Amino acid sequence: MKCRKCGSKAHVNMRQHKLALCKEHYLEWVPEQTERFIKKYQMFTHEEKILVAVSGGKDSLSLWDILVRLGYQADGMYIGLGINGGIHYSDESHRLTEEFAQRHGLKLHVVDIEKEYGQPIPVLAEMTHRGQGKPCSVCGLAKRHEMNRIARDLGYDVLATGHNLDDEAAVLFGNTLTWASEYLLRQGPVLPENEGLARKVKPLCRFYEREMTAYAIARGIEYIYDECPYAEGSQSIYYKELLNQLETTRPGAKLTFYLSFLEARKSGNLFIEKNVEQAHMHPCSKCGQLTSAPGLCSFCRMMEKVNAAVE
Ligand code: AMP
Ligand code: FES
Ligand code: ZN
Ligand code: ZN
């Protein structure tokens with residue numbers, strides 16, 4: 001595989017885009033694309049103050065890196081969850097986040113749940129009996145709450161998270177399985193500001209997870225490889241695996257799934273009952289069946305061609 005731009009050895013091959021790039025050109029392409037998405041979805045401007053929620057993972061650290069490279073005013077926020085059994089997940093992700101901020105001379109706000117509220121996430125979860133023995137729902141709730149609180153108290157215009165296409169497609173898939181319309185109507189790259197809550201944006205929502213891994217590696221960003229230990233066996237991981245199987249046989253399926261959803265909603269075609277039968281239909285001039293094509297229906301048109309070929 002060769003880089004499309006310069007012909008040297010490719011670092012990344014993106015089958016879904018039919019595009020291969022060398023390391024140098026890939027490191028240019030990712031911020032260019034991100035800038036396009038920021039403008040397309042009107043996420044924020046260079047005048048606005050952005051708070052990036054950084055978990056120490058590849059997506060959020062790469063997002064921070066990209067926004068700074070693009071010249072945006074982006075500070076970071078790390079939330080210490082106190083998840084440290086076994087692999088010291090929280091300590092390690094905190095360390096990597098601090099290191100990244102220091103190396104690039106960036107401002108990082110740190111909120112520690114235990115210091116702020118008396119107990120770490122796993123204990124809060126046990127005390128409240130939410131989420132069937134797993135702390136994930138308590139954790140999600142606390143993260144959302146703290147992100148909103150810090151953004152508001154410190155006067156940020158925008159809150160940016162590192163959700164990638166794999167994350168968004170898995171959430172969409174889950175919501176579609178139950179037709180959770182209230183969620184489907186809200187899911188997207190931008191959630192507008194509302195009653196003192198900062199606007200929320202996901203600038204990486206069109207990048208595949210493997211594209212973000214390739215970016216972090218090419219940029220030499222040190223990130224935490226492990227997932228949260230509680231994520232194992234979760235529904236979202238299962239949906240990601242399913243979508244990856246689909247993607248293997250149909251490159252681009254994940255992106256199309258997400259983008260067609262955004263398109264359908266934007267054009268108002270989602271959840272709006274229309275009388276499909278009657279819309280712009282008239283009888284075919286040959287067989288009389290209703291058709292949306294002028295004159296002959298598609299079947300009669302096809303048969304005309306068949307007959308013409310026979311003659
Ligand atoms: P997750 O829910 O773990 O997939 O993370 C989604 C996004 O939430 C990440 O890309 C980050 O932007 C943000 N995030 C997750 N965990 C933290 C954390 N401990 N501190 C700050 N932001 C986080
Ligand atoms: Fe919150 Fe796993 S429970 S990151
Ligand atoms: Zn190149
Ligand atoms: Zn017909």
Side-chain angles (χ1 to χ4, degrees), residues 1-13 19-29 50-64 66-67 74-87 89-98 100-101 108-114 120-126 130-131 133-151 158-168 170-171 200-205 207 209 212 216 218 223-224 226-234 236-237 240:
M1 272 291 168
K2 292 210 166 14
C3 171
R4 182 195 285 178
K5 299 211 171 151
C6 70
S8 61
K9 190 173 169 291
H11 174 73
V12 197
N13 176 27
L19 177 67
L21 293 171
C22 70
K23 186 166 155 178
E24 185 194 329
H25 284 117
Y26 187 65
L27 286 175
E28 282 174 12
W29 182 80
I50 304 156
L51 184 64
V52 186
V54 275
S55 64
K58 62 185 182 320
D59 304 300
S60 49
L61 285 177
S62 296
L63 172 62
W64 200 7
I66 293 165
L67 294 184
D75 297 341
M77 169 181 50
Y78 174 78
I79 304 170
L81 305 165
I83 299 176
N84 277 319
I87 59 165
Y89 175 73
S90 287
D91 288 349
E92 188 61 8
S93 49
H94 184 197
R95 183 180 70 79
L96 291 165
T97 310
E98 290 276 9
F100 181 88
L108 177 70
H109 305 284
V110 177
V111 182
D112 189 276
I113 295 286
E114 183 171 1
I121 291 290
V123 178
L124 288 179
E126 264 174 41
R130 280 176 66 119
K134 280 222 174 201
C136 304
S137 80
V138 169
C139 176
L141 185 65
K143 280 194 284 200
R144 271 194 304 282
H145 183 267
E146 291 306 281
M147 287 179 197
N148 287 329
R149 180 174 72 86
I150 299 295
V158 192
L159 183 65
T161 52
H163 294 93
N164 58 39
L165 177 67
D166 293 51
D167 298 324
E168 292 304 287
V171 170
K200 287 186 184 159
V201 299
K202 298 167 185 166
L204 305 182
C205 66
F207 288 110
E209 180 171 337
M212 292 325 300
Y223 62 89
I224 185 157
D226 296 295
E227 292 245 23
C228 164
Y230 297 110
E232 206 188 311
S234 71
S236 85
I237 291 192
K240 282 181 184 175

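We count ligands from 1, going down the list as the structure has it; atoms in each ligand are counted the same way. Keep in mind that what you see is a predicted model, and the values were worked out from it rather than measured.
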Checklist entry - Looking at Met77, which atoms of ligand 1 are within less than 4.0 Å of one of its heavy atoms? => result 21 (C)

Next on the checklist: Is atom 4 (O) of ligand 1 touching the protein, meaning some protein heavy atom lies under 4.0 Å away?
Outcome noted: no

Checklist entry - Which protein N, O or S atoms lie under 2.8 Å from atom 1 (Fe) of ligand 2, given by chain and residue number? => result Cys139 SG

Checklist entry - Are Asp167 and ligand 1 in contact, using a heavy-atom cut-off of under 4.0 Å? => result no

Checklist entry - Do Leu21 and Lys5 come close enough that some side-chain heavy atom pair is under 4.5 Å? => result yes

Item to check | Min side-chain heavy-atom separation Leu81-Lys143 under 4.5 Å | outcome: yes

Checklist entry - Judged by atom type as modelled, is there a donor-acceptor pair below 3.5 Å linking the side chain of Asp59 to the main-chain atoms of Asn164? => result no

Next on the checklist: What protein heavy atom lies closest to atom 2 (O) of ligand 1? Include the residue and the distance to one decimal.
Outcome noted: Lys143 NZ, 4.0 Å

Checklist entry - Short question: side chain of Asp166, backbone of Lys240 - any donor-acceptor pair under 3.5 Å? => result no

Item to check | At the Zn ion (ligand 3): angle between Cys22 atom SG and Cys6 atom SG, to 10 degrees | outcome: 110°

Item to check | ligand 1 contact on Thr161 by region, counting heavy-atom pairs under 4.0 Å | outcome: both

Checklist entry - Is Arg95 salt-bridged to Glu92, going by a charged N under 4.0 Å from an acidic O? => result yes

Next on the checklist: Are Glu24 and His11 packed together at the side-chain level, in the sense that at least one heavy-atom pair is separated by less than 4.5 angstrom?
Outcome noted: no

Checklist entry - Would you say the side chain of Glu227 lies within less than 4.5 Å of the side chain of Ile237, judging by non-hydrogen atoms? => result yes

Next on the checklist: Side chain or backbone, does Ile79 bring an N or O within less than 3.5 Å of an N or O on ligand 1?
Outcome noted: yes

Checklist entry - With the Zn ion (ligand 3) as the point of reference, which N/O/S atom of His25 is the closest? => result ND1

Item to check | Under-4.0 Å heavy-atom contact with ligand 1, by part of Met147 that carries it | outcome: side chain

Item to check | Ser60: numbered ligand 1 atoms lying under 4.0 Å from its heavy atoms | outcome: 10 (O), 11 (C), 12 (O)

Checklist entry - With only distance considered, is Ala53 within less than 3.5 Å of ligand 1 through an N or O on each side? => result yes

Checklist entry - Is there a donor in the side chain of Ser62 and an acceptor in the side chain of Tyr223, or the other way round, less than 3.5 Å apart? => result no

Checklist entry - Would you say Glu28 has more than 12 foreign heavy atoms packed within less than 6.0 Å of its CD? => result yes

